[in-house]
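Just below is one structure, and these are the notes that go with it.
Side chains included, hydrogens not; waters and symmetry mates left out as well; all remaining heavy atoms used. Note that the structure is a prediction, hence the values are computed from the model and not measured.
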Amino acid sequence: MQNKVHQEPGLSPQMSTVISISREDITPDYVTWSLFNTLFMNFCCLGFIAFAYSVKSRDRKMVGDITGAQAFASTAKCLNIWALIFIIILTIISMILYLKIL
């Protein structure tokens with residue numbers, strides 16, 4: 001954080017603060033995706049477990065533990081992908097069974 005003083009003739013000095021945010025510290029936590037999977041595609045509670053890992057990732061990110069946040073986010077991403085794959089497979093199977101009955 002840097003403080004700079006800008007002074008023009010005849011005016012009082014104004015303080016401004018510049019905050020630098022590095023791009024490498026930004027880790028996705030997949031909370032939105034996990035919440036969607038929890039509410040709509042909760043196959044074998046994978047969505048709920050992914051949501052728990054997403055919240056842990058967000059907590060670690062707030063504390064400043066980037067490595068821990070990335071580990072929890074990676075686990076949440078894998079669980080979300082598996083939940084999505086299982087739901088797509090179950091949807092296709094149920095459509096095939098429904099069409100066979102008709």
Side-chain angles (χ1 to χ4, degrees):
M1 197 172 352
Q2 302 170 355
N3 289 329
K4 296 181 181 180
V5 177
H6 301 287
Q7 188 169 0
E8 296 180 18
L11 297 175
S12 62
Q14 297 176 348
M15 297 289 290
S16 67
T17 303
V18 177
I19 299 174
S20 301
I21 299 175
S22 63
R23 181 72 178 141
E24 61 194 41
D25 291 344
I26 298 173
T27 304
D29 49 19
Y30 306 108
V31 172
T32 308
W33 189 12
S34 299
L35 183 63
F36 179 79
N37 280 344
T38 300
L39 295 176
F40 299 109
M41 298 186 289
N42 200 13
F43 179 77
C44 291
C45 294
L46 285 178
F48 181 72
I49 298 169
F51 184 71
Y53 275 100
S54 297
V55 170
K56 285 182 179 183
S57 173
R58 180 172 282 183
D59 290 343
R60 292 290 179 184
K61 189 167 44 171
M62 292 297 170
V63 171
D65 182 14
I66 301 301
T67 307
Q70 289 173 344
F72 284 126
S74 174
T75 304
K77 181 180 177 181
C78 289
L79 290 171
N80 282 323
I81 289 171
W82 279 109
L84 182 65
I85 289 171
F86 284 136
I87 287 300
I88 288 172
I89 290 171
L90 286 176
T91 303
I92 291 171
I93 290 172
S94 64
M95 289 173 69
I96 291 172
L97 290 175
Y98 179 73
L99 291 175
K100 280 194 169 202
I101 293 172
L102 290 178

*Pairs in or reaching into residues 78-95: which pass salt bridge (charged side-chain N to carboxylate O under 4.0 Å, His left out), with residues at least two apart or in two chains?*
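Listed once each, the pairs would be none.
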*Which pairs with one or both residues in residues 64-92 pass salt bridge (charged side-chain N to carboxylate O under 4.0 Å, His left out), sequence neighbours excluded?*
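Residue pairs with at least one partner in residues 64-92: Arg60-Asp65.
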*Rounded to the nearest 0.5 Å, what's the gap from CD1 on Ile85 to CG on Leu90? Could you check?*
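The CD1 atom of Ile85 sits 12.0 Å away from the CG atom of Leu90.
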*For the student: nearest non-hydrogen atoms of Ala69 and Ser57, plus distance*: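 Heavy-atom minimum between the residues: O-OG, 2.9 Å.
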Which residues pass the side-chain contact (heavy atoms from CB on, under 4.5 Å) test with [X], not counting sequence neighbours?
{"X": "Ser74", "result": "none"}
{"X": "Ile88", "result": "Leu84, Ile92"}
{"X": "Ile93", "result": "Ile89, Leu97"}

*Taking side chain to side chain donor-acceptor pair (under 3.5 Å) as the test, write out the residues that go with Arg58, two or more places apart.*
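With neighbours one apart ignored, the set is Asp29.
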_Contacts of Asn80 that satisfy side chain to side chain donor-acceptor pair (under 3.5 Å) - sequence neighbours left out_ =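 Listed in chain order: Ser34, Asn37.
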*Please check if Ile96 and Ile87 belong to a single hydrophobic cluster, counting links between Ile, Leu, Val, Met, Phe, Trp and Tyr side chain heavy atoms closer than 4.5 Å.*
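Per the 4.5 Å side-chain linkage, Ile96 and Ile87 are co-clustered.
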*Cluster question for you: counting only ILVMFWY and a side-chain heavy-atom cut-off of under 4.5 Å, with indirect links fine, are Val55 and Leu35 together?*
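In one cluster: yes.
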*If you look only at pairs with a residue in residues 54-75, which of them pass as a ring pair (Phe, Tyr, Trp, His ring centres under 6.0 Å), with sequence neighbours excluded?*
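Output for this query lists Tyr53-Phe72.
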*Any ring pair (Phe, Tyr, Trp, His ring centres under 6.0 Å) pairs touching residues 78-102, not counting sequence neighbours?*
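Those involving residues 78-102 are Phe43-Phe86, Trp82-Phe86.
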_Pair Thr75-Leu79, side chain to side chain contact (heavy atoms under 4.5 Å, CB included): steps then yes or no_ = CA-CA 6 Å; Thr75 304; Leu79 290 171; 4.1 Å; yes
*Can you tell me which residue pairs pass the side-chain hydrogen bond (donor to acceptor under 3.5 Å, both in side chains) test with a partner in residues 40-51, sequence neighbours excluded?*
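Of all non-adjacent pairs touching residues 40-51, none passes side-chain hydrogen bond (donor to acceptor under 3.5 Å, both in side chains).
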*Using the ring of each side chain (for Trp, its six-membered ring), is Phe36 parallel, tilted or perpendicular to Phe40, with breaks at 30° and 60°?*
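Judged by the thresholds at 30° and 60°, the geometry between Phe36 and Phe40 is tilted.
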